[in-house]
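All values derive from a computational prediction rather than experimental measurement. Quick note: residue numbers are just sequence positions, from 1.
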Amino acid sequence: MRAAWLIARKDLVQRVRNRSVWLTALVIPLALALIFGFIFGSTQDDYEFSARYAVVDLDDGGPVGELFIEGILGQIPGVELVRVDTVARARALAEGDPNPYVTGSDEVAAAFVIPAGFSDDVQSERPVEIQVIQNSQAEIEASYAAAIAQGYASELTSVRIVTATFEELVGGPVDRLVVGVQVLETPSPVTIEDVSADVRQLDGSTFYAAGMTVFFLFFTVHLGFVNLLQERYDGTLTRLLAAPISRASILAGKAIGAVATALISATVLVVVTSYVADADWGDPLGVAILVVAVTVAAAGIAALVSSVARTAEQATIYASNISTVLGLLGGTFFSLEFVGGWIGRLQFLSPHGWFMDGLADLAGGELGVVVLPAVVLVALGAVAGGIAMGPLRRGLAP
């Protein structure tokens, strides 16, 4: 085993002096991760909802209308309210007409019109409505405005039903405003918690940092096994075989050197992208498990490719093509999972896909979520490497 470590150390020293290894293992993946992260990640991660709405209160500060304006609209993060006096002015703002009364205002996404007598009508049996004037150029914000008004209307309908039921129970009229406020202030017995995005999604910077890391990790591992074929061509392998070193030790040394180079590269990329690109990789232990597992898979595939190639040039071509296809299939540049159906499941034919999926689960889950992808990746590497060992050992001789 000592001979294997000596061979691995020799390969590591050679790779440190090789500029092409630096480019493949660190410079190119880091540059692409930063470029993609800054260009695409910022548009995905920094988005915060904001909207500008106009409000016309023809109810003259009635309690029910004021509750909607200040208690609902005024409490929504990112929403700016502009109070105007007339419906015509609100409609003009929704159509993009400048507002001379508000500095810096050009238009609003939607306008709410609280009709006259709104508070009194809500407390009676008379029909009532909140008018929403939508800006056709701000579809998302305008639709959100309509949803807010619809939600408030549904709440008021519930209040009417509860109030009418209460009057029947007590056998007479009650103060509907007081009862209505109590109903609105009563906490809902059922709440909805949305955790899907936290469990299954990487932010933009992390996605591209992880994608470029695993994509080029395969190229880095392949360099170690291609080096084995190159040494056979150069004649240096003959000297190793002439020494009292077993073929298994030679193969182990080459594999250790390739895996060590890839792990060092991946570690540097994880640390640098975390500080420079604000990538959030998740639990360090989980990340380490996934990185080691995917490196094992890459080593097994690299060994299998080298076992069928006759020359270093041929192995390089095979490795480049296979790594590129697996990387694209595994969602290192864009995820096929969003496509859905059988196309979305194609990513699990690639070790890259298992790695990216494991990181996505780790982003919002417990450490245990990495077990399945790690086991699959190690098994894939073990099977591919086991198939390759026989041909590699037989092909060591020049």
Q | Polar contact flag, side-chain donor to acceptor under 3.5 angstrom, Asn135-Glu95 | A | no
(Q) Any donor-acceptor pair under 3.5 Å linking the side-chain atoms of Asp59 with those of Ser119? (A) yes
Could you state the interatomic distance from [atom1] ([X]) to [atom2] ([Y]), rounded to the nearest 0.5 Å?
| X | Y | atom1 | atom2 | value |
| --- | --- | --- | --- | --- |
| Phe348 | Ser350 | CZ | OG | 10.5 Å |
| Phe68 | Asp57 | CZ | CG | 11.0 Å |
| Thr261 | Ile256 | OG1 | CD1 | 11.5 Å |
| Ile322 | His222 | CD1 | NE2 | 6.5 Å |
| Leu217 | Thr295 | CG | OG1 | 4.0 Å |
| Glu66 | Asp60 | CD | CG | 10.5 Å |

Taking the side chain as C-beta and beyond, is there a heavy-atom pair between [X] and [Y] under 4.5 Å?
| X | Y | value |
| --- | --- | --- |
| Leu58 | Phe118 | no |
| Phe207 | Met356 | yes |
| Val221 | Val259 | no |
| Val271 | Tyr275 | yes |
| Val56 | Asp85 | no |
| Glu80 | Ser50 | no |
| Phe355 | Val291 | yes |
| Leu32 | Phe216 | yes |

Are [Y] and [X] connected in a single hydrophobic cluster, I mean Ile/Leu/Val/Met/Phe/Trp/Tyr linked by side-chain heavy atoms less than 4.5 Å apart?
| X | Y | value |
| --- | --- | --- |
| Ile76 | Val55 | yes |
| Val294 | Val325 | no |
| Val270 | Leu367 | yes |
| Leu285 | Val369 | yes |
| Val27 | Phe219 | yes |

Shortest non-hydrogen separation from [X] to [Y] and the atoms involved:
| X | Y | answer |
| --- | --- | --- |
| Leu290 | Ala374 | CD2-N, 4.4 Å |
| Thr324 | Phe215 | CA-CE1, 3.9 Å |
| Gly71 | Gln75 | O-CG, 3.3 Å |
| Ile114 | Gly65 | CG2-CA, 4.1 Å |
| Leu81 | Ile69 | CD1-O, 3.6 Å |
| Ala94 | Ile133 | CB-CG2, 3.9 Å |

I'd like to know if the side chain of [X] reaches the main chain of [Y], judged simply by a donor and an acceptor atom lying under 3.5 Å from each other, with no hydrogens or angles considered.
| X | Y | answer |
| --- | --- | --- |
| Ser143 | Glu139 | yes |
| Ser307 | Ala388 | no |
| Thr206 | Asp280 | yes |
| Asp357 | Gly353 | no |
| Tyr53 | Glu141 | yes |
| Gln347 | Leu329 | no |
| Thr273 | Ala209 | no |

**Q.** Ion pair Arg91/Glu107, N-O distance below 4.0 Å
**A.** no
Q: Take Leu372 and Trp354 through the side chain to side chain contact (heavy atoms under 4.5 Å, CB included) test and state the conclusion after the steps.
A: CA-CA 9 Å; Leu372 177 59; Trp354 284 99; 4.1 Å; yes
Q) When clusters are formed from ILVMFWY side-chain contacts under 4.5 Å, directly or step by step, what else is grouped with Val371? A) Val375
Q: Verify side chain to side chain contact (heavy atoms under 4.5 Å, CB included) between Val296 and Leu377, making sure each step is shown before the conclusion.
A: CA-CA 7 Å; Val296 171; Leu377 289 169; over 6 Å; no
Q) Between Phe333 and Tyr208, does the ring centre distance come in under 6.0 Å? A) no
Q) Do His352 and Phe218 have their ring centres less than 6.0 Å from each other? A) yes
Q: Can you sort out the partners of Glu129 under salt bridge (charged side-chain N to carboxylate O under 4.0 Å, His left out), two or more places apart, ordered by chain and number?
A: none
(Q) One pair to check against side chain to side chain contact (heavy atoms under 4.5 Å, CB included): Leu326 and Ile301. What are the steps and the verdict? (A) CA-CA 11 Å; Leu326 291 177; Ile301 295 174; 4.1 Å; yes
**Q.** Pair listing, ring pair (Phe, Tyr, Trp, His ring centres under 6.0 Å) test, anchored in residues 360-381, at least two apart
**A.** none
Q: Determine, stepwise, if the pair Val272 / Leu30 fulfils side chain to side chain contact (heavy atoms under 4.5 Å, CB included).
A: CA-CA 8 Å; Val272 173; Leu30 180 59; 3.6 Å; yes
